Structure formats: structure tokens, C-alpha cells
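I have placed the structure first, in the form of C-alpha cells, so that the comments after it can refer back to it.
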2 protein chains.
Amino acid sequence: MAVARHETIAHAGPNTLFVGSVEKGFAVLHAFRTGQRELGLRDLSLSQISELSGLDKSASQRFTNTLVQLGYLEKDERTRRYRPALGLIDFYYTYLVSSRLAEIAMPRLIEASKTHGTTVNLCEPDGTDIIYTIRVPHQKAFFRATIPGRRMPAFCTAPGLVILANRNKQEVETIIENSKLVQMTEWTVIEPKAIRKRIEQARRDGYIISSQQSMAHEISTAAPVVDSDGRAFAAVQIPVYMPEWTTDMIEEKIVPLVIETARAISGSYFSES
Amino acid sequence: MAVARHETIAHAGPNTLFVGSVEKGFAVLHAFRTGQRELGLRDLSLSQISELSGLDKSASQRFTNTLVQLGYLEKDERTRRYRPALGLIDFYYTYLVSSRLAEIAMPRLIEASKTHGTTVNLCEPDGTDIIYTIRVPHQKAFFRATIPGRRMPAFCTAPGLVILANRNKQEVETIIENSKLVQMTEWTVIEPKAIRKRIEQARRDGYIISSQQSMAHEISTAAPVVDSDGRAFAAVQIPVYMPEWTTDMIEEKIVPLVIETARAISGSYFSES
DNA sequence: CAACATGTGTTAAATAATAATACAACTGAA
DNA sequence: TTCAGTTGTATTATTATTTAACACATGTTG
């Protein structure tokens, strides 16, 4: 049982320096993300939380109560349901404010978004995913697609692929192997060979244009942000939409903008410190 | 001692339904926010974490380790310092994706930002603060001032004051009483009488223009987002900067835009459900 | 209205978190 | 380079804190 407690949730943090209660608290918070994705629910009942987090009823009760007291969840006393509360926003601020990358990138992303009136995003890799770190929105889009913190698979997104293009082959293989290669749209490329080819192409070009790979009508262009060794640790991405934009227009206007913005960020990043 | 454990950090969660370890985990994360604000540090050593969080060395060690394993902190093995990690971004997503307000507001804020090429923000009240929930940035500004999750005192910000203008008097008094009335700039109004007057004015007008109250050269305009009882629970805010914008221009262009955007959000909010 | 599901509160039991300690690794001054 | 001081790491016995089971209350649905 002493071990089972950790196994249940995720890791084996087998040593005495791992506090399981912290993990369980976060498990409750994550239940809301999966609850939204899988069940489409904004708020969850105690038993749903229990289900989604893998904690038993008693534990769910204690952690939920704790999170309410701390201001990370709020409870609707009428429906007895819980939902994420404003306190959670603090962590995004905490992350960004201590990120040198974000500080350098922000003004350049804003500038870039004004050039052609497009959305401009900064993405960072996390395992087999990329995460949208900063978004400067300009077009309306499907709500979830406009929120910072959104995760997408690296293998089928422009930012994911340009980042892989500037990583060594072993890393690329590891990511491809561990990715769930699922179709996001009917055009999504999921054959490892074809994916490697696209990465190869992106490495030669220094950018990538990715059409309808993760969302219909969306064409996504991205270029890598690299450190002094040429290793990518982020990407600048600009999405545009299909009837209005053609590949020719993108090649002419978006590609140079994306490349230049990414290069400027890379440059400042390792010159300033 | 049994009690002291809770007292140390913050609350009295005196019952058995409160899990102290969760609070301590968050205390470590918050140390980074205060560390950034008070010491200007991006990363913290173990002893700094201990200092800032109020946890002893052993506890800091355990919680820090736990948070690293969970992906919320990362450790630079060379300098032995810790910093916030990418995992923290998940919570912003979790909050926004389950917020009906955010979903309704997002497209309207984007639209509004294009009208005159200005930044447009959505703010929500939290105790004596307001928090910038969604930002659609258009102008470059002091980095920290551009990040979602930023907190500002309600009493000296346009969004704070318009929200108070649409709350009952008791709530207003409570907030004023509990606020630390400090000068943010040399023009900040900090006398309770004068603050009440500004709130009164904002109630009559349905909006507020606030000049250099929290930042030099910044003029901030805001209008309330209200529920079906007329109670404000958010605000739309547009900041503009001083040489370029004059009060007349703001009255003419920004005020109607802010009011209309806030009204549209309010309308959708309680019509859709 | 009954049967069921879900939420709430309390408890004894013992696991998992604690804080003290000792050791190791840096840091910088002499 | 050495040494003192500081900071980080690892281990442990102790027990306070979390646990899970239970019983009760409340709401929900056929």
C-alpha cells in the first residue's frame, strides 16, 4: 500500500523527498482539463472529480475542499459542482514573468502581428507536445484554439516540426516513437517516413508551411528559435485561413516575417546574457 | 504544533478536510512570484525558497523536489537554482477553457482591438485586486504590464473602479477598507473620499477614464460587464499612452468602443444561458 | 414515494510527512 | 591553497497528518 499510493496516480517518486499529497492536489486540477476535453463539462461534481482524477471519494473530498479554500477552485453551493477559479491564473503570470524568452519575444510578436494583421504565437516543446506559450490574437477562431496553454502534438504541427528540424536525429526518433500518431484532420500526415521527410525539408528551408494538418482551413507557418548551438527551444508560428490566404501570399508575406521574428528573438536571447 | 502548521502559512483550515501539504506546495510556487517582485530574481536557490515561502529547509527541499518531478519547476543542475517550468501554463488553460465569460469575451475583445489598433483587456475582481484575465496586446509596454495574470489594486485602476461602481455600497466600503492605499504614481488618488467620488462618477457615466493612476503616461478606460441584476463581475479595459492620445480622442473613440464591447459581453453572458 | 445515487461529517488506525541530524559540495577570503 | 562559512543533499526515528471506512443527510429519478 505504501507504494500503491504513488503508483495509482502517475510516477514512482519512490524516495522520501516526494510529497504525494501535492501530486494528488494537482490531479484534481487536471481532472477539469480532461473533464472539459472528454466530457465537455465546465464544472464537475465530486464523483466526477473522483472518477477523472483516480482518487477515491474521501480523498477527492479533502483535496477539493483544500483547493476551494486556497482559491483555486470555486464551488456552486446550489448545484454542488466545482470549477476552476481565478487563483489559477497566478501561475501563468509566475511562469511568464520569470521567462527571459517571453520577455524578449513579447514585443517582437506584437510588432509582427501588426505587420499583416495576423495572429502570432510563440510555442515551446514539452515532451511530444508543443505548448502555445504566448498568443497575440488577431483573428477570431475556435475558442480553445485561441488560449495560451493549449497543447498540440509536435508531429503534425508546424512549430513542432521546425523545432524537431533543429534537434538531433535521436531526439527526433524518440519523439516520433512516443507520439500517438493520430489523424487530426483528413489531411494529417501520420506515416513516420513522411514525417521525417517533412522535418528534413524544414531543416533545409529554415521554416515550414503546414496546411490543414491539425485544423481544416488553417495554414500554419513556423520558424525556430535557436540557442547558440543551433538547437531549437521554441518556435514562432503564424496561422492563416484558407480562402483569404493562398500559398503564394504566404510564401511572399508570412514566411519572411516568421523567419525574421524568430531570428531576432534567437539573436537577443543569447546576446543579452 | 498541530495548529501551528497551518498558521505558519496562511489560513486556518482547522478541519480534517484541509490538506496542509497542498498549501505548502503552492507556497513554494508563490515564492517565485514574490521573489521576482521583491528581489527581481528569475530563479531561486533552495534557501531563498525557504526564506520566501516560510517553510524550513527540509520542507523546502521536499516540496521543491516534488514540484520538479511533476514538471512545475525546473532545476539548473549547474547553478542549483530553481525556476518555474512550462507545466504551470496548463492551469491558465484549465481556467479559461472552463470560463463561459472568457469564451464569450474573446472574439469581441479581438474585434475591439482591431478597431483603433489598441490593446484590449478583460479584468476580473479578486478581493481588493483586479486580475487581467485576457489580454489582446497591440502596443509594446513594460513587460510585466503585458502579461495575463497581472494583479493591480482595484482602488486605483479603471477596471477596479467601474466594477466597484456597479456593486453595492457595502462591498465598496469593504474593499476600500481592506486596500493598502499606496501611491503607484505621483498622481494616484488615495484619499477614500476622493475614491468614492470617482466611483460615484463612474456609476453615473457607465464608464471611467483614469489618467496615470497606476503608470505614468498611461490613460486607462474601462466599462463594466454586468449580470442580469446589474452587478459587475468583470470589466473591459483599454489603455492608451499620452503623447499620442488626448482626452478628447479617448472620449470620442475609446469610450464608445469600451462601452459597446462590455455591453455586448454582458448581453451574451446572460442571454445564452 | 421508494430506491438509488451523491454529498457530508466523524472516527480509529497507520501511513506518509516531518524535522533533526550528519555529511558533502561549493564559495570566497586570507 | 587552506580554511571557515554557507548552502545543498541524504538519512532517520518519531509522530502528526492523512487516510478509508462508515453512517448519516440530502437530493434525484423512475
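For clarity, every value in this text was computed on a predicted model and none was experimentally measured.
- In this structure, B/Q61 atom CD and D/dT11 atom P are separated by 11 Å, rounded to whole Å.
- One atom, CG of B/D56, and another, C1' of C/dT21, lie 13 Å apart when rounded to the nearest Å.
- With rounding to whole Å, B/K75 atom NZ is found 8 Å from D/dT9 atom C1'.
- One atom, CZ of B/R81, and another, C1' of D/dG8, lie 11 Å apart when rounded to the nearest Å.
- Looking at residues 40-49 of chain B, you'll see B/S45, B/L46, B/S47 sit with a heavy atom under 4.0 Å from some atom of DNA chain D.
- The closest side-chain donor-acceptor pair between A/S98 and B/Q36, if any, does not fall under 3.5 angstrom.
- Between A/E77 and A/V22, the one whose closest nucleotide on DNA chain C sits nearer the 5' end is A/E77.
- For A/S45, the side-chain hydrogen bond (donor to acceptor under 3.5 Å, both in side chains) criterion is met by A/S47, A/Q48, not counting sequence neighbours.
- As a whole-Å value, the separation of A/F63 CZ from D/dT19 C1' is 10 Å.
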Could you pull out all donor-acceptor pairs under 3.5 Å where a side-chain atom in residues 224-233 of chain B meets a protein atom, sequence neighbours excluded?
{"residue": "B/D227", "atom": "OD1", "partner": "B/D229", "partner atom": "N", "Å": "2.9"}
{"residue": "B/D227", "atom": "OD1", "partner": "B/G230", "partner atom": "N", "Å": "3.2"}
{"residue": "B/D227", "atom": "OD1", "partner": "B/R231", "partner atom": "N", "Å": "3.1"}
{"residue": "B/R231", "atom": "NH1", "partner": "B/E171", "partner atom": "OE1", "Å": "2.8"}
{"residue": "B/R231", "atom": "NH1", "partner": "B/E171", "partner atom": "OE2", "Å": "2.7"}

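- Going from atom CG of B/D76 over to atom C1' of D/dG8 covers 14 Å, rounded to whole Å.
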Please write out the pairs of protein N or O atoms and N or O atoms of nucleotides 23-29 of chain D separated by less than 3.5 Å, giving the distance to one decimal.
{"residue": "D/dT26", "atom": "O3'", "partner": "A/R80", "partner atom": "NH2", "Å": "3.4"}

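- Remark: C1' of C/dG9 and CZ of B/F18 are 18 Å apart, rounded to the nearest angstrom.
- Here C/dA17 presents its C1' atom at 14 Å from CG of B/N65, a figure rounded to the nearest Å.
- Residues satisfying the side-chain contact (heavy atoms from CB on, under 4.5 Å) test with B/T146, not counting sequence neighbours, are A/M106, B/A141, B/F143.
- Between the side chains of A/S99 and B/R42, no donor N or O sits under 3.5 Å from an acceptor N or O.
- Considering only residues two or more places apart in sequence or on other chains, B/F155 meets the ring-ring contact (aromatic ring centres under 6.0 Å, His included) condition with none of them.
- Toward the 5' end of DNA chain D, the nearer of the two residues A/S58 and B/Y82, judged by each one's closest nucleotide, is B/Y82.
- For B/Y72, the side-chain hydrogen bond (donor to acceptor under 3.5 Å, both in side chains) partners two or more places apart in sequence, or in a different chain, are A/H30.
- In this structure B/D90 satisfies the side-chain hydrogen bond (donor to acceptor under 3.5 Å, both in side chains) test together with A/R33, A/R151, sequence neighbours excluded.
- Contacts classified as side-chain hydrogen bond (donor to acceptor under 3.5 Å, both in side chains) and involving residues 172-184 of chain A (residues at least two apart or in different chains) are given here: A/E173-A/R196.
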